[in-house]
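Report on the following structure.
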Amino acid sequence: MNWSGKRIITCIAALGILLLAGCGGHQQSVIDPGGPLAGRTAGLWWFFFWLLTAIFIAVLALTLWTLTRRHRGIEQESLEVTHLPSEQTESKLTRVVAVATIATVVILFILLIGSVVAGKANADLGSRAKNAMVIDLTGNQWWWQVRYDNPDPRRIVTTANEIHIPIGRPVEIMGRSNDVIHSFWVPNLQGKRDLIPSRVTTNWIEADRPGTFRGQCAEFCGLQHAHMVLWVIAEPEDKFEAWLNAQLRPSVSPTDSVKQRGQQVFLNHECIFCHSIRGTTAAGQVAPDLTHFGSRRGIGANTLPNTFGNLGGWIVDPQRVKPGNHMATVPINAADLQPLLEYLESLK
Amino acid sequence: MNRMDKALTQPDVETGGVAALRHSWRHPGGIIGWFSYDTHQAIGMRYIVTAFIFLLVGGIEALLMRFQLAHPNSGFLSPDRYNEIFSTHGTTMMFLFAVPMMEGMGIYLVPLMLGTRNVAFPRLNAFGYWMYLGGCIFLYWGVFSNSAPDAGWFSYVPLAGPQFDFGKRVDSWCQMITFTEVSAMCVGAELIATIFKMRAPGMSLNRIPLFCWSMLVQSFMVISAMPAVMIASSYILVDRTSGTNFVNPAEGGDPLLYQHVFWFFGHPEVYIMFIPALGFVSAIVVAHSRRQIFGYPAMVLSMVATGFIAFGLWVHHMFATGLPQIAQAYFTAASLMIAITSGVQIFCWIATLWTGRIRMSTAMHFVFGFIAIFVLGGLTGVMLASVPLDLQVHDTFFVVAHFHYVIIGGSVFPLFGAFYHWFPKMTGRMMNEPLGKINFWVLFIGFNLTFFPMHILGLKGMTRRIYTYSPEMGWGTLNLLATWGACVIALGGVLFLVNFFWSRKAGKVAGNNPWDADSLEWAASSPPENYNFEHLPVATSRYPLWTPQEDFTVVTGLRNDRREVLVTTLMDAKPHHRYVLPGPSIWPLLAAIGVSVGFAGSVFNNWYIVWGSILTGLALIGWFWPRRPVEMLP
């Protein structure tokens, strides 16, 4: 038994190292932080990980060691009759168990203090920062509406499924939901926060390096919970400002005839009941704002990358790509499709 | 009848002896008779067998999910089907397998361990089983009529509310809860009464076997926690069927209220499944290391403390909803406290093993497997108690890994150990030990292969309850590994079934006490007679069968010509009075049918509550119709 015990430990250790090795450098990872909040949490994680791993190995070793003891039961003779070892052995065991229990309590206290300190620091970020900005995030089945708040209503920007943030500035996410409970989670930046109908929840994110970080709805929200993705794009302050100013502008009216036809196709179909494109008469409010659709990375809450081909497939049959989603299948003539795609992709 | 008449005419009723005892405890014949059984062995076994079938059903659902997730962008299941299957899997495993299985084991073993003949309320016991079966049929009737629940086993509103979930899907979930909770409450009440009042004389509180302590704690938890989930599911049900808007945010209801009430049940539920397993482990450790448990008072106090603390940490399922800092710190501390009570028990078991003389039987293998898996699951639980870490890994596969480690490791491994340990008692034959050890290793390896990678998937950002993922996420390899692991677990299940059926037919004959174990159930024959003991035993110590044989005393003077048991005092188990249990009856089944008509029908039309109540009332009149005492029968 000793043999198999050791082998298990070796196997588990080898497996653990092997699997953890493949962890780093992903766009949706808890332990690859892109900002101070996730960084603090990752630090806490590794502290917990190493301490608890050591405890696990110790407990497992102690347990398996019981199998290797040459004279199992120190007082064998007496054990046969009373099924109890000697008084001395019992009191020795009592001391060991008491020490182990006290050690458990002490370790838990350390973990508690570490955890509360880290949690408080993560939650209090905004009260210290002067240059904080606010973004309204609204969850919908199954896409994200993003709104950059501003005291000046002309400077409010609305977009979807993509959040741009400047590096080094704490951002407060004001979370709402239009239907069921969703959860906003960008692991490289911060832990999750639920978006609950009839409530407003807040969460802080901050990036300290440029990057694109993937986030995904983390609370089961129905049929297409798997395809409710958003990207957070962290960029230097000047690039962010440039992006924001570009978003503020209404869409450009197309000049070439193909795109003009595309625009007419859009405006003459049911698209306008749900979508809006600022600068045109399309002003629907229940689906993603398409004013700068061409500048975004994905289609259908990032179910597909934003390419001509994917967009064509999406418009022709959205239910095939993302079954159950709330986009209607709008019949569009074959001849109209290409101009429509040209127009939509030109909305940079 | 002749024997019984003879017994009646004897001045000393005991001279009727075993024959009279057998006669008064016999099972009625015929089909109606079969539906009237009320002995704890029969009802316990019905629970165990039914719950085991639902373990297999839930396992098949798990395999279907694993096949879907084995590859990115898989089209094996549609999103709708996937949602139904994961909801049904969780619901089945929680409500139709884990809790009823533990209760079945309790019903079967507790009276034997306490040295009595049946549970305190045998007809209530039968009624509880029929209600449970009603819940099983009701849920799976939904599954096969395209009305399987699809909003998760937790049914969060408003997703489960009338605006977002159409048809009868969530309704079938809500009423299944009511069915199984009624059943669980029946078992809880009768086990508490049995453990408190029907112990063998001499079995004072400090001599109760640890498994009975665990069932006592579990029963109190059932009675305290289950009403909460019935309230929670009823909120949804009446919101859906009657437009009450308790938890409908669109009409001023509060979705978070639902979560609080649900998790006030949901967290204790974990310990309702887990605490009986602590009892299994203690019984196996004592019997197979052949020494008394180390730290009996510490073990008992830890279980009781776990039972209390379990009600104070439900909010750690809701950290992501955003609570004030101080509340979060409180619930973190409360969650961490569980590690202290669990730690004490693990230390006590290791101390027992350390100084015992271990017999590496299959049951013991499962205990070692339990310690390895459960400790790992417990330690990831410590991580989840920390708010910043929980906010990261909550609702990811890390949590999936965690709770499968604690539930499968903490409950199912001890349960399989218990099957191997008590199979000889239940059937009279031994299970095959070499095959049992292979069975253990297959399950152990399969389990770790399936669930260990999920920790890493969670850290790599894989959220729960997604029906698919794209290849760029880099989750494919680990998911494929987990699917292979699930197949290995399935193989382990098949090995167990093979061993079970083979051993039942051809296993070595066990005898009364094949393990040379300590507790009273091993004094009964294998399998036990309906009356368990010819003479009720007296507990002269905490380990009655390990006290030298000449000290094994029994109770005399109980009448054998009727179902008489001894009621003892709560603290010291001094004989108090004799009590006659009722005999078998068809009325519990009829009452359960009446209640089922009300519950099942109420999903469609509120009037069924009335019809169901009338039927139940009629059945209860029959149930409680006064009868003449035996001695007055002509």
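All heavy atoms count here, side chains included; hydrogens, waters and symmetry mates do not. Predicted model, so just to flag it, every value in this text is computed and none were measured. Lettering of chains follows the sequences in order, A, B, ..., and the numbering in each one begins at 1.
In this structure, B/Pro79 and A/Gln224 approach most closely via the heavy-atom pair CG-NE2, 3.9 Å. Shortest non-hydrogen contact noted between B/Ala329 and A/Leu112 is O-CD1, 4.4 Å. The two atoms that bring A/Trp185 and B/Thr396 nearest to each other are CH2-CG2, 3.3 Å, heavy atoms only. Across every non-hydrogen atom of A/Gly119 and B/Gln325, the tightest pair is O-NE2, 3.9 Å. Of all non-hydrogen atoms in B/Ser386 and A/Phe48, the two that sit nearest each other are CB-CZ, 3.8 Å. In this structure, B/Pro158 and A/Asp179 approach most closely via the heavy-atom pair CG-O, 3.3 Å.
Formation of a donor-acceptor pair under 3.5 Å by the A/Gln216 side chain with backbone atoms of B/Met462 is not found in this model. Side chain of A/Lys192 to backbone of B/His394: a donor-acceptor contact under 3.5 angstrom is found. Formation of a donor-acceptor pair under 3.5 Å by the B/Gln392 side chain with backbone atoms of A/Val30 is not found in this model.
Contact annotation for B/Phe154: only side-chain heavy atoms (C-beta onward) come within less than 4.5 Å of a heavy atom of chain A. Using a 4.5 Å cut-off between heavy atoms, A/Ile196 contacts chain B through its side chain alone, with no backbone atom that close. Both the backbone and the side chain of B/Val382 come within less than 4.5 Å of a heavy atom of chain A. Of the atoms belonging to B/Val286, not a single heavy atom falls under 4.5 Å from chain A. Contacts of B/Arg465 with chain A are made by both backbone and side-chain atoms, with heavy-atom separations under 4.5 Å. In this structure, chain B has no heavy atom under 4.5 Å from any part of A/Thr53. Heavy atoms of B/Phe398 lying under 4.5 Å from chain A belong exclusively to its side chain. For a residue to count as touching a neighbouring chain, one of its non-hydrogen atoms must lie under 4.5 Å from one of that chain's; by this rule A/Thr201 touches chain B with the side chain only. Only the backbone of A/Gln190 has a heavy atom closer than 4.5 Å to any heavy atom of chain B. Contact of B/Ile445 with chain A is not made at all, since no heavy-atom distance falls under 4.5 Å. Both the backbone and the side chain of A/Thr63 come within contact range of chain B, with heavy atoms under 4.5 Å apart. Neither the backbone nor the side chain of B/Ser335 comes within contact range of chain A, judged by heavy atoms closer than 4.5 Å.
Annotation: side chain of B/Asn83 is in contact with side chain of A/Phe220 (closest heavy-atom distance under 4.5 Å). Counting only heavy atoms from C-beta outward, the side chains of A/Ile181 and B/Gln259 approach each other to under 4.5 Å. Considering only heavy atoms from C-beta on, A/His225 stays 4.5 Å or farther from B/Tyr467 through its side chain. Here the side chains of A/Val180 and B/Tyr156 are not in contact, with every heavy-atom distance at 4.5 Å or above. Annotation: side chain of B/Val375 is not in contact with side chain of A/Leu60 (no heavy-atom distance under 4.5 Å). Put simply, the side chain of A/Ser183 does not reach to within 4.5 Å of the side chain of B/Asp395, judged on heavy atoms.
From A/Leu64, atom CG reaches atom CD1 of B/Ile371 across 9.0 Å, with rounding to the nearest 0.5 Å. Distance CE/B/Met473 to OG/A/Ser29: 10.0 Å, rounded to 0.5 Å. Atom CD1 of A/Ile31 is separated from atom CD1 of B/Ile456 by 9.0 Å, given to the nearest 0.5 angstrom. Here the straight-line distance linking atom CD of A/Gln28 with atom OG1 of B/Thr463 works out to 7.0 Å at 0.5 Å rounding. The CD1 atom of B/Ile340 lies 5.5 Å from the CG atom of A/Leu108; values are rounded to the nearest 0.5 Å. Atom CZ of A/Phe47 sits about 11.0 Å away from atom CG of B/Leu389, to the nearest 0.5 Å.
Contacts with chain A were tallied for B/Gly461, B/Pro249, B/Ala160; B/Gly461 has the most, counting heavy-atom pairs under 4.5 Å. Between chain B and the residues A/Met228, A/His227, A/Arg199, the largest count of heavy-atom pairs under 4.5 Å involves A/Arg199. Listed options B/Thr380, B/Asp518, B/Asp390, B/Asp254 were ranked by heavy-atom pairs under 4.5 angstrom with chain A; first place goes to B/Asp254. Interface remark: of the candidates A/Thr303, A/Leu111, A/Leu195, A/Thr101, A/Thr101 forms the most heavy-atom pairs closer than 4.5 Å to chain B. Comparing B/Leu336, B/Asp150, B/Val387, B/Asp80 by how many heavy-atom pairs each has under 4.5 Å with chain A, the most go to B/Leu336. Per-residue counts of heavy-atom pairs under 4.5 Å with chain B were compared for A/Val97, A/Thr104, A/Val96, A/Val116; the largest is that of A/Val97.
By the 6.0 Å contact criterion, CE on B/Met337 is open, its count of non-hydrogen atoms from other residues, nucleotides or ligands being 12 or less.
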#### Entry: Worked verdict on A/Thr94 versus B/Phe294 for side-chain contact (heavy atoms from CB on, under 4.5 Å)
CA-CA 9 Å; A/Thr94 310; B/Phe294 173 82; 3.7 Å; yes
### Message
side-chain contact (heavy atoms from CB on, under 4.5 Å) for A/Trp45 and B/Leu459? Distances and angles first, verdict last.
### Response
CA-CA 10 Å; A/Trp45 154 260; B/Leu459 294 174; 3.5 Å; yes
### Task
Any chance you could lay out the side-chain contact (heavy atoms from CB on, under 4.5 Å) test for B/Phe368 and A/Thr66, step after step, and finish with the verdict?
CA-CA 10 Å; B/Phe368 277 85; A/Thr66 61; 3.6 Å; yes
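Between B/Trp546 and A/His83, the ring planes lie parallel to each other; the angle is under 30°, not in the 30° to 60° tilted range.
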